[in-house]
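Written below as structure tokens is the structure these notes are about.
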Amino acid sequence: MWDPDRYRRFGDHRSRPFFELVARIDAENPRRVVDLGCGPGQLTATLAQRWPSARLEAFDSSPEMVAAARQSGIDAEVRSAEDWQPAPDTDVVISNAVLQWVPTHADLLPRWVHALPAGAWLALQVPGNFDAPSHVAIRELAARDEWRSRLESSGILQPRDVLDPSGYAAILTVAGCVVDAWETTYLQRLTGTDPVLDWVTGTALRPVRAALDDAEWARFTAQLAPLLRAAYPPRADGTTWLPFRRVFAVAHKPGS
């Protein structure tokens, strides 16, 4: 289960990559704009502001996120990326920090491009930090005898299958697009007693939380917290700096 309130707690850090991604889309009057994985909807609303005449399509695989988006006035629906196909008038597709949860997304991308009309845009951003100390600590803890049997089926023991910018550029170029791909490492300033634990609880630890009961979850996070504090020691002023790498690709399908 997703927790929209916890997700929004770091809204500035999560929104900045979204705006940098969308800024590279040069669509003037799209007919339909799709937010593929809309989350709680606060960023989806900015798409309506940028393209007010477009029909806005928003969906997410999390019922909790869709409920939060609907409370914000977004007409979102529960749907998975694997089940989605572009409507004929889809001129812009945006996927922000979603496709890392979809193991087959490298196969879905060219299928989506082929289904999009000429002149359409497809923009994606995925975290590229699965070898970071935070994620290594999570996997190493989950692999201990105490936790392995409970967490093996959660998928947390394997890194997420994402590509580097050249990988996405290659897939989208072969599909016939003009591609702009890059990566950025953000140095995120966090505060609090266990800020990195708070951060990963909202995203990376979701499969762990889903697999454990309340007592097990409390024990797991109590063991993880000192590992994260050691990997990301706070500065004297209480600030913790968390490097976070993200991978971007914006593809334009040629045509009028």
Side-chain angles (χ1 to χ4, degrees), residues 17-41 43-63 65-66 69-70 74-128 160-183 246-256:
F18 174 89
F19 290 122
E20 292 181 4
L21 176 70
V22 173
R24 299 296 297 168
I25 302 172
D26 195 22
E28 293 185 2
N29 295 296
R31 294 166 294 174
R32 180 187 296 264
V33 175
V34 178
D35 190 357
L36 191 160
C38 62
L43 297 177
T44 310
T46 68
L47 302 178
Q49 294 168 3
R50 174 168 175 180
W51 294 296
S53 64
R55 179 173 180 177
L56 185 60
E57 178 182 340
F59 65 91
D60 200 286
S61 62
S62 164
M65 287 295 198
V66 168
R70 288 174 176 169
I74 303 298
D75 186 19
E77 62 178 321
V78 178
R79 183 187 294 179
S80 68
E82 294 95 328
D83 297 333
W84 177 77
Q85 272 291 104
D89 63 346
T90 302
D91 291 325
V92 175
V93 180
I94 299 164
S95 175
N96 183 60
V98 173
L99 294 179
Q100 72 276 10
W101 299 106
V102 183
T104 61
H105 74 267
D107 298 321
L108 292 175
L109 290 173
R111 284 167 43 193
W112 291 342
V113 169
H114 293 317
L116 289 171
W121 295 80
L122 171 60
L124 68 93
Q125 181 268 123
V126 291
R160 295 289 166 184
D161 188 17
V162 300
L163 306 177
D164 61 14
S166 62
Y168 289 112
I171 289 173
L172 294 166
T173 299
V174 169
C177 293
V178 177
V179 182
D180 179 14
W182 71 98
E183 66 177 67
R246 295 183 182 271
V247 178
F248 301 76
V250 176
H252 182 218
K253 187 172 180 177
S256 58

| So, do C177 and H252 sit near enough that their side-chain heavy atoms are less than 4.5 Å apart? |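 No - every pair of side-chain heavy atoms lies 4.5 Å or more apart.
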| Between T46 and V22, is any pair of side-chain heavy atoms under 4.5 Å apart? |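 No, their side chains stay 4.5 Å or more apart.
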Decide if atom [atom1] of [X] counts as having more than 12 heavy atoms of other residues, nucleotides or ligands within a radius under 6.0 Å.
X	atom1	answer
R24	CZ	no
R79	CZ	yes
D75	CG	no

So, for [X] and [Y], which heavy atoms are closest and what is the spacing to 0.1 Å?
X	Y	result
A169	A181	CB-CB, 4.1 Å
P165	E183	CD-OE1, 3.5 Å
G128	V247	CA-CG2, 4.4 Å
C38	T44	CB-OG1, 3.4 Å
P117	R31	CG-NH2, 3.7 Å
A81	V102	CB-CG2, 4.1 Å

For the [atom1] atom of [X] and the [atom2] atom of [Y], what is their distance to the nearest 0.5 Å?
X	Y	atom1	atom2	answer
R246	L21	CZ	CG	11.0 Å
D91	I25	CG	CD1	11.5 Å
Q49	L56	CD	CG	11.0 Å

Tell me whether [X] contacts the main-chain N or O of [Y] through its side chain, where contact means a donor paired with an acceptor under 3.5 Å.
X	Y	result
Q100	V98	yes
R70	A76	yes
R55	D89	no
W51	A27	yes
D35	A58	no
T173	A170	no
D60	V66	no

| said: Over 60° means perpendicular and under 30° means parallel, so tell me whether Y168 and H105 are parallel, tilted or perpendicular. | reply: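 Y168 vs H105 ring planes: parallel.
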| field | Exercise: do D164 and S166 side chains pair donor with acceptor under 3.5 Å | value |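 Indeed, the side chains of D164 and S166 share at least one donor-acceptor pair under 3.5 Å.
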| query | Does a side chain donor of either E20 or W182 reach within less than 3.5 Å of an acceptor in the other side chain? | reply |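 No - no donor-acceptor pair under 3.5 Å links their side chains.
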| said: With side chain to side chain contact (heavy atoms under 4.5 Å, CB included) as the criterion, how do L43 and I94 come out once you've worked through the C-alpha distance, each side chain's angles and the decisive distance to 0.1 Å? | reply: CA-CA 11 Å; L43 297 177; I94 299 164; over 6 Å; no
| Which of these, V250, V93, L109, sits in a side-chain contact (heavy atoms from CB on, under 4.5 Å) with L124? |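 Going through V250, V93, L109 one by one, the side-chain contact (heavy atoms from CB on, under 4.5 Å) with L124 is satisfied by L109 alone.
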| query | When P86 is tested against each of L122, L116, V113 for side-chain contact (heavy atoms from CB on, under 4.5 Å), which residue passes? | reply |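 So the option named by the test is L116.
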| task | Check step by step if side chain to side chain contact (heavy atoms under 4.5 Å, CB included) holds for Q85 and W112. | result | CA-CA 7 Å; Q85 272 291 104; W112 291 342; 3.7 Å; yes
| query | For S80 and D83, what are the C-alpha separation, side-chain angles and deciding distance, and is it a side-chain hydrogen bond (donor to acceptor under 3.5 Å, both in side chains)? | reply | CA-CA 5 Å; S80 68; D83 297 333; 2.9 Å; yes
